[in-house]
There are 2 protein chains.
Amino acid sequence: MRSADDLTARARIRDAALVRFGADGVAGTSVRAVAADADVSAALVLHHFGSKDGLRQACDDHVLGLIRSGSAGEVEHEALAELLAEATPLRRYLARALLDGSPAANTMFSEIVDATRRWLAEGEAQGWVKPTEDPLARAVTYVSWLFAPLVLGEQVGRLLGGDVAEMRTSVRAARVGLDMLTNGLFADDRWLKAFSSVT
Amino acid sequence: MRSADDLTARARIRDAALVRFGADGVAGTSVRAVAADADVSAALVLHHFGSKDGLRQACDDHVLGLIRSGSAGEVEHEALAELLAEATPLRRYLARALLDGSPAANTMFSEIVDATRRWLAEGEAQGWVKPTEDPLARAVTYVSWLFAPLVLGEQVGRLLGGDVAEMRTSVRAARVGLDMLTNGLFADDRWLKAFSSVT
DNA sequence: CGGGATGCTAAACGAACGTTCAGCTCTCGG
DNA sequence: CCGAGAGCTGAACGTTCGTTTAGCATCCCG
């Protein structure tokens, strides 16, 4: 009914669950804790979502919906970075979902890889991306690198950020990352040669 | 006593816990499940480790010890990659520990970043690593990229591996990664410029 | 006005949890 | 021979878990 304001108890429960699931994991979160955070009874949680796993699925769908907020059901991986950089709870939830391999996380990862593969292919055709022998592996690796500061955000922030806002540190990491992807890290191909000779 | 063969019940319990913790998370694993996997009673688990959290700490210490198997208490991040590539349970355990920020995982990450920073500085002095304005951020980003296929191993393996042994896929990802770090990904600096102009 | 959804709660259920405890069976030094 | 200690177990403790049930308001539609 009043889905616009998104302040229904159902939405409050789902948001509270997202934070808890991200912070403590699904198994480490009790239905009662979520209910308390949302200021409702534990019974209402199950009334709305059927079961704890139903609540988890609803969180998955909601996150997927947030990420797909862009063009017509497809993941926009540029807006994604911004979305996740500021939203620590969402970031943690997604990191756990990726690790556990929840269906929604798998879908999201696959879609982003696919979009990246097409984007890189387009760049390769237009000349601003270097050619490769293994486009799929490159896209997967690129996306996993894109997600690395996301999943390891606690560690990156701890070593880079200190007490500063997270924005600073993610920008700092993004800059050096982009630099490595543009100019390279190694000045010669000694490691690449060494690797090729070993395998 | 017979610590050499490492087949005591205590070691069996610890190994079983490592697998379970990695697969289901600490909160999602019961002491009874670990005990069943190790073919002992639940009471023995607590007899040896005091509590469930004591068991978790023992796992942390054991993993840290395994990783530090190299030169005199310091992490060898080359051997680490091999160690983790083949050992899926250990990989999953470490991924969760990094995400949760357990003390052992924090220590390990910090040590690896520090070793990497010195290694890159040495390379920079010798000319086989390109210079940077932000050595710490580069080291952190490099290590997080190194760990990305580790933490996101389920996703990478799913898209790249199929049913093949994990060895293949990790080699495949490592090759394109090394290629990107040597030759770069982007042929010109349009993205780097775009990023610099925005921030 | 009246009755069936809808939103929500308190209380209780059985199961599973981490942990404790008394006691068993070996082994080994005196 | 025997008593102490280490390794180990079955049974039980109290707690918390996910879930169910019965019932209370509130609101909308006839």
Side-chain angles (χ1 to χ4, degrees), chain A residues 1-62 92-93 96-97 100 102-104, chain B residues 1-62 92-93 96-97 100 102-104:
Chain A
M1 310 305 175
R2 38 182 176 143
S3 62
D5 57 354
D6 212 67
L7 269 170
T8 61
R10 194 189 142 95
R12 266 198 346 265
I13 293 170
R14 190 233 301 129
D15 290 347
L18 220 143
V19 173
R20 281 274 185 180
F21 286 167
D24 306 325
V26 177
T29 299
S30 70
V31 173
R32 285 171 174 85
V34 173
D37 287 355
D39 267 323
V40 296
S41 70
L44 186 63
V45 175
L46 300 168
H47 171 70
H48 276 307
F49 298 96
S51 68
K52 187 185 181 181
D53 196 67
L55 176 59
R56 205 219 71 242
Q57 284 183 36
C59 287
D60 267 28
D61 291 346
H62 181 62
R92 296 198 58 135
Y93 180 88
R96 279 186 204 276
D100 293 337
S102 86
Chain B
M1 309 303 175
R2 39 179 174 143
S3 62
D5 56 356
D6 211 68
L7 269 170
T8 60
R10 195 188 140 93
R12 261 193 356 259
I13 293 170
R14 190 235 300 128
D15 290 348
L18 220 143
V19 174
R20 282 273 184 179
F21 286 168
D24 306 325
V26 176
T29 299
S30 71
V31 173
R32 285 171 173 86
V34 173
D37 287 355
D39 268 322
V40 296
S41 69
L44 185 63
V45 175
L46 299 168
H47 171 71
H48 275 306
F49 298 95
S51 68
K52 187 186 180 180
D53 195 69
L55 177 58
R56 204 219 73 240
Q57 285 183 35
C59 286
D60 266 29
D61 293 345
H62 181 62
R92 296 198 58 134
Y93 180 88
R96 278 186 203 277
D100 293 337
S102 87

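As the structure is a computational prediction, the values presented were derived from the model and not from experiment. Throughout, protein chains are lettered first and strands after them, A, B, ... in sequence-line order, and every chain is numbered starting at 1.
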ask   = Do you know the tightest heavy-atom contact between B/A23 and B/R92?
value =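 B/A23 and B/R92 have their closest heavy atoms at O-NH2, 3.8 Å.
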Nearest whole angstrom, please: distance from the [atom2] of [N] to the [atom1] of [X].
X     : N      : atom1 : atom2 : result
A/I13 : C/dG7  : CD1   : P     : 11 Å
B/R10 : D/dG7  : CZ    : P     : 10 Å
B/F49 : D/dC8  : CZ    : C1'   : 14 Å
A/H47 : C/dT6  : NE2   : P     : 9 Å
A/L44 : D/dG18 : CG    : C1'   : 15 Å

message = Check this for me, if you would: do B/R96 and B/D24 make a salt bridge, where the nitrogen-to-carboxylate-oxygen distance has to be below 4.0 angstrom?
response =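 No.
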request  = Salt-bridge test for B/D15 and B/R12: reply yes if a basic N is under 4.0 Å from a carboxylate O, no otherwise.
outcome  = no
I'd like to check [X] versus [Y] (side-chain heavy atoms, cut-off strictly below 4.5 Å). Are they in contact?
X     : Y     : value
A/R10 : A/F49 : yes
A/V26 : A/K52 : yes
B/V19 : B/D37 : no

ask   = Just by protein heavy atoms under 4.0 Å, how would nucleotides 17-23 of chain C read 5' to 3' in B, S and -?
value = BBBBB--
query = Does the A/Y93 side chain pair with the main chain of A/R20, one donor and one acceptor, at a distance under 3.5 Å?
reply = no
task = Ignoring backbone atoms, test whether A/H48 places a side-chain nitrogen or oxygen under 4.0 Å from the OP1 or OP2 oxygen of C/dC8.
result = yes
inquiry  = Quick check on the helix from C/dC1-D/dG30 to C/dG30-D/dC1: what's the angle between its two end axes, five base pairs per end, to the nearest 10°?
reply    =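 Taking five pairs per end, the axes differ by 10°.
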request  = Apply the test side chain to side chain donor-acceptor pair (under 3.5 Å) to residues B/Q57 and B/D61: give CA-CA distance (whole Å), side-chain angles for both, the deciding distance (0.1 Å), then the verdict.
outcome  = CA-CA 6 Å; B/Q57 285 183 35; B/D61 293 345; over 6 Å; no
